[in-house]
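Okay, structure first, notes after.
Below, chains carry the letters A, B, ... as their sequence lines are ordered, and counting in each starts from 1.
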There are 2 protein chains.
Amino acid sequence: MNQEICQVNLIHEECVAAAQQQMPQLATIEQLATVYKLLGEPSRLKIMLSLRTCEMCVCDLAAMLDSTPSAISHQLKLLRISGLVQSRKKGKMVYYSLAKNSVQQMLLEGLNYAVEKKA
Amino acid sequence: MNQEICQVNLIHEECVAAAQQQMPQLATIEQLATVYKLLGEPSRLKIMLSLRTCEMCVCDLAAMLDSTPSAISHQLKLLRISGLVQSRKKGKMVYYSLAKNSVQQMLLEGLNYAVEKKA
DNA sequence: TCCATATATGAATAGGTATTCAAGCGTTAA
DNA sequence: TTAACGCTTGAATACCTATTCATATATGGA
């Protein structure tokens, strides 16, 4: 059986056309998927949720998540590269905080969803 | 070098304590991480973005994403299990649509973030 | 009944990734 | 300079997962 193509080429052409029309740009979708993927890892999500309260150094986060500085540092690097967190160096320590964009709003909306869903 | 524990046990105790206090329940965090992970896969994210427009059958989605019904069906199963989409059977076809909860709001907020960030 | 179609599913494979371990860098204080 | 500390980094391993392929189920029509 050929699964590559449906026999009826497009079953609901108007719908598909309309959906394609209002589809965001590919770059936007990929950007969004990247952020979601980063937040989809429990350790990283916990880091982000922790940083809502105040800026923290790597050791603080390692204590929060019961993890190692190395593991946390690896995760922070990914978050930093994608612009979800920013860092500030002070002596031997590096303080991390949430980036000053709408990530926080996104997180709040996500939490709202998760809490609503539990009920 | 011992990386397990920081020498200074908690460098910013007040901050860590405050963050722990306002940390959501573990179940909520895991729920949220699951949703983010599902949305973090470009194919699945495209499915969700497509379904904002109108309900679609598997073939429609396969056409939208230039994929196979089998691959789409596998993804839809994951989205269905986690309650992000719902399905309705009509004859040989199965129509999928976004679940009637705040996922749509979440997606909008995400898009808002991604678009803002590009600029 | 028999066949074609739309979808679902299980197993296998290939690709991706989180953590660990070991080592390195940069800063501070002696 | 030396040592200690906080952090970073690269490689390796072990785990996870998306897609493919083959097959199965279910519905509708001849």
Produce the list of close N/O pairs, under 3.5 Å, pairing protein atoms with atoms of nucleotides 27-30 of chain D; give distances to one decimal.
none

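- Residue B:Y96 contributes atom OH, which lies 9 Å from atom P of C:dT7 at whole-angstrom precision.
- Contacts with DNA chain D (heavy atom under 4.0 Å) in residues 24-42 of chain A: none are found.
- Following rounding to the nearest Å, A:D66 (CG) and C:dA18 (P) show an atom-to-atom distance of 19 Å.
- Among the heavy atoms of the strands, none lies under 4.0 Å from A:L61.
- Look at CG on A:L79: it is 13 Å from C1' on C:dA18, rounded to the nearest Å.
- In terms of the salt bridge (Lys or Arg N to Asp or Glu O under 4.0 Å) criterion, residue partners of A:E55 (sequence neighbours excluded) are, by chain and number, A:R88.
- With rounding to whole Å, B:Y95 atom OH is found 13 Å from C:dA8 atom P.
- DNA chain C is contacted by A:S43, A:R44 of residues 43-50 of chain A, taking any non-hydrogen atom closer than 4.0 Å.
- Within the structure, salt bridge (Lys or Arg N to Asp or Glu O under 4.0 Å) contacts touching residues 66-84 of chain A (residues at least two apart or in different chains) do not occur.
- Here B:E14 pairs with nothing under the side-chain contact (heavy atoms from CB on, under 4.5 Å) rule; sequence neighbours left out.
- Map B:V94 and B:H74 each onto its nearest nucleotide of DNA chain C; the residue landing nearer the 5' end is B:V94.
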